[in-house]
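Below is one structure, written out as structure tokens, with a few remarks after it.
Just so you know, these numbers use all the heavy atoms, side chains as well, and skip hydrogens, waters and symmetry mates.
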Amino acid sequence: MIIAKTIEEARDQIWKWKAEGLTIGLCPTMGYLHEGHLSLCKASIADNDKTVASIFVNPMQFGPKEDLTKYPRDLERDTRLLEEEGVDMVFVPEPEEMYADDFCTFVDMTVVSEGLCGKSRPVMFRGVCTVLTKLINIIYPNRMYMGKKDAQQLAVVQRMVRDLNFNLEVIGCPTIREEDGLAKSSRNSYLNPEERKAARVLSRSLRMAQETILAGQSNPASVIALIKTVLLNEPLAEIDYVEIVDGLSMQPVDQIHAGDLIAIAVRIGTTRLIDNFTVGDPLIESAV
Ligand code: AMP
């Protein structure tokens, strides 16, 4: 596996592959990899001649009070996992490689990025759109793989790609969960054992919402109330948001239909976790 630390190193290799007519899949990550990230790589390896993963904890998408400095990192383990998976190149730039001191150009969005996580984390999607634009311009992927676990991020990026005519396909991959239903996340490593147990309430509340929707409930307020009741029953959980929105526009809906997104953000202690499902998805398994 090629380890590229600079844009020049990455591009040199990319242009060789392009000259051979090979297709390229890109899996952007912030590292501290788990099976969720690796599932994106698996999908890319299946669809493309070459797969590139990036590992970059993007300072631009963290607010001043967020966890940029304590975000977990383990580059040695990450590169080993990617190599074992069969990834062809990992791009691991330092922040200075990506952002010149006088950097002043941003990719921003309205509507899709404004609610849900955009409300609680106002700078995040500007940072995500800007860094992904840069990564796309460096790697020139034919396809880019992103997790449905970050459903709003996926919707934002799909909209950006459509609106700005990026020449690539964005592929949403299913959420990979722990055995008890908790969505895998690098931030789960912040949880102490008691919090880890409490964190099961996220997937449990969503599973109950799935069941009630399957049973015919289509009123968003009722489903939101049900989720909030389950979450509030867990003393360590503090609700950031519970929302039901259109799956593409991320705008609230009056009635629940297939394709709508039920999304939650919950603080367990000081750790903010998110989870979601799309109406019509298979039931969340093993939620306890
Ligand atoms: P991150 O490193 O958290 O920025 O995530 C990098 C990519 O992996 C994003 O597209 C995420 O949506 C995706 N991802 C993270 N966790 C999961 C998961 N549990 N299942 C599927 N994809 C995931």
Exercise for review: May I ask you to say whether K5 pairs ionically with E94, meaning some side-chain N is under 4.0 Å from a carboxylate O?
Suggested key: no

Exercise for review: Evaluate the ring planes of Y140 and W15, with Trp represented by its six-membered ring, and classify them as parallel (under 30°), tilted (30 to 60°) or perpendicular (over 60°).
Suggested key: tilted

Check your understanding: Quick check: does any side chain N or O of N233 sit under 3.5 Å from a backbone N or O of V230, one acting as donor and the other as acceptor?
Key -> no

Point to revise | L68 backbone acceptor or donor facing E66 side chain under 3.5 Å | key: no

Check your understanding: Is Y190 close to P72 at the side-chain level, that is, under 4.5 Å between some pair of heavy atoms?
Key -> yes

**Study point:** Nearest-0.5 Å distance, CZ of residue R121 to CZ of residue R126
**Key:** 14.5 Å

Revision key, fill the gap. Note: G115 and Q152 closest approach over all heavy atoms is O-NE2, 3.1 Å

Check your understanding: When rounded to the nearest 0.5 angstrom, what distance separates CE in M160 from OG1 in T133?
Key -> 4.0 Å

Exercise for review: Test side chain to side chain contact (heavy atoms under 4.5 Å, CB included) on E83 and I3 and set out the steps.
Suggested key: CA-CA 10 Å; E83 180 143 37; I3 301 179; over 6 Å; no

**Study point:** Single-linkage hydrophobic cluster I136~F125, side-chain heavy atoms < 4.5 angstrom
**Key:** yes

Review point. Can you check whether R187's main-chain N or O pairs, donor with acceptor, with R272's side chain at less than 3.5 Å?
Key: no

Exercise for review: For E194, look at atom CD and say whether over 12 heavy atoms of other residues, nucleotides or ligands are found less than 6.0 Å away.
Suggested key: no

Exercise for review: Starting at CZ of R204, measure out to CG of L231 and round the result to the nearest 0.5 Å.
Suggested key: 9.0 Å

Check your understanding: For the residue pair V107 and C129, what are the closest heavy atoms and their distance?
Key -> O-CB, 3.4 Å

**Study point:** Distance-only side-chain donor-acceptor flag, T23 / D49, under 3.5 Å
**Key:** yes

Practice item. Examine distances only and state if a side-chain atom of E97 and a backbone atom of I7 form a donor-acceptor pair shorter than 3.5 Å. Key: yes

Review point. Taking all non-hydrogen atoms of both residues, which atom of I176 and which atom of S39 are closest, and how far apart?
Key: CG1-OG, 3.6 Å

Check your understanding: Out of curiosity, does I213 fall in the hydrophobic cluster containing L202 (side-chain heavy atoms, cut-off under 4.5 Å, transitive links)?
Key -> yes

Practice item. Step through the shown structure and confirm whether more than 12 heavy atoms of other residues, nucleotides or ligands are within 6.0 Å of CD on E8. Key: no

Point to revise | Non-hydrogen side-chain atoms of D78 and T29 separated by less than 4.5 Å | key: no

**Study point:** Smallest separation among heavy atoms of D246 and V253, with atom names
**Key:** N-CG1, 3.5 Å

Point to revise | hydrophobic_cluster_shared for L26 and V92, side chain cutoff 4.5 Å | key: no

Check your understanding: Does V279 belong to the same Ile/Leu/Val/Met/Phe/Trp/Tyr cluster as L283, with side-chain heavy atoms less than 4.5 Å apart forming each link?
Key -> no

Review point. Would you call F91 and I14 a side-chain contact if the rule is heavy atoms closer than 4.5 Å?
Key: no

Review point. Just checking, is any N or O donor in the side chain of Q255 or S218 under 3.5 Å from an acceptor N or O on the other one?
Key: yes

Point to revise | Main-chain N/O of P141 paired with R143 side-chain donor or acceptor, under 3.5 Å | key: no

Exercise for review: Say whether N58 and Y99, considering side chains only, have a donor N or O and an acceptor N or O under 3.5 Å apart.
Suggested key: yes

Exercise for review: Sorted by first residue and then second, give each salt bridge (charged side-chain N to carboxylate O under 4.0 Å, His left out) pair with at least one member in residues 103-113; sequence neighbours left out.
Suggested key: none

Exercise for review: Go through the structure and list residues passing salt bridge (charged side-chain N to carboxylate O under 4.0 Å, His left out) with E195, not counting sequence neighbours.
Suggested key: none

Review point. Can you tell me how far the CD atom of E178 sits from the CZ atom of R196, to the nearest 0.5 Å?
Key: 5.5 Å

Review point. Under 4.0 Å between a Lys/Arg side-chain N and an Asp/Glu carboxylate O for D275 and R207?
Key: no

Exercise for review: State the NE2-CG distance between H34 and N188, to the nearest 0.5 angstrom.
Suggested key: 7.5 Å

Check your understanding: Just wondering, do L191 and L273 contact through their side chains at under 4.5 Å, heavy atoms?
Key -> yes

Check your understanding: Should we say atom CD of E84 is surrounded by more than 12 heavy atoms from elsewhere, each under 6.0 Å from it?
Key -> yes

Review point. When you look at CE of M208, are more than 12 heavy atoms from neighbouring residues, nucleotides or ligands closer to it than 6.0 Å?
Key: no

Practice item. Take atom CD of E211 as the centre, draw a 6.0 Å sphere, and report whether it contains more than 12 heavy atoms from other residues, nucleotides or ligands. Key: yes

Review point. Got P28 and F56 here, is their nearest side-chain heavy-atom distance under 4.5 Å?
Key: no

Exercise for review: Any chance you could measure I274, atom CD1, to K149, atom NZ, to the nearest 0.5 Å?
Suggested key: 4.5 Å

Review point. Just by distance, do the side chain of K50 and the backbone of L22 share a donor-acceptor pair under 3.5 Å?
Key: no

Review point. Can you get from V157 to V57 by hopping between Ile, Leu, Val, Met, Phe, Trp and Tyr side chains that sit under 4.5 Å apart?
Key: no

Exercise for review: Over all heavy atoms of both residues, which pair between P282 and Q210 is shortest? Give the atoms and the distance, please.
Suggested key: O-NE2, 3.1 Å

Practice item. Report, as yes or no, whether the 6.0 Å neighbourhood of atom NZ on K197 holds more than 12 heavy atoms from other residues, nucleotides or ligands. Key: no

Exercise for review: Keeping the roles fixed (side chain from S189, backbone from S186), state whether a donor-acceptor pair exists under 3.5 Å.
Suggested key: yes

Check your understanding: Given side chains that start at C-beta, do those of K18 and N142 come closer than 4.5 Å, heavy atoms only?
Key -> yes

**Study point:** K148 bridged to D281 by N-O distance under 4.0 Å
**Key:** no

Point to revise | Note, I139 side chain near M89 side chain (heavy atom, < 4.5 Å) | key: yes

**Study point:** Full working for side chain to side chain contact (heavy atoms under 4.5 Å, CB included) between Q61 and L132
**Key:** CA-CA 11 Å; Q61 70 193 65; L132 286 178; over 6 Å; no

Review point. Where is the tightest heavy-atom contact between T51 and S44, given as atom of each residue plus distance?
Key: OG1-OG, 2.7 Å

Point to revise | Residue pair Q217, I256: steps toward the side chain to side chain contact (heavy atoms under 4.5 Å, CB included) verdict | key: CA-CA 8 Å; Q217 179 59 266; I256 300 174; 5.7 Å; no

Review point. Do L206 and I264 come within less than 4.5 Å of each other through their side chains, counting heavy atoms only?
Key: yes

Practice item. Applying side chain to side chain contact (heavy atoms under 4.5 Å, CB included), run through S203 and R177 and close with a yes or a no. Key: CA-CA 9 Å; S203 55; R177 297 177 180 278; 3.8 Å; yes

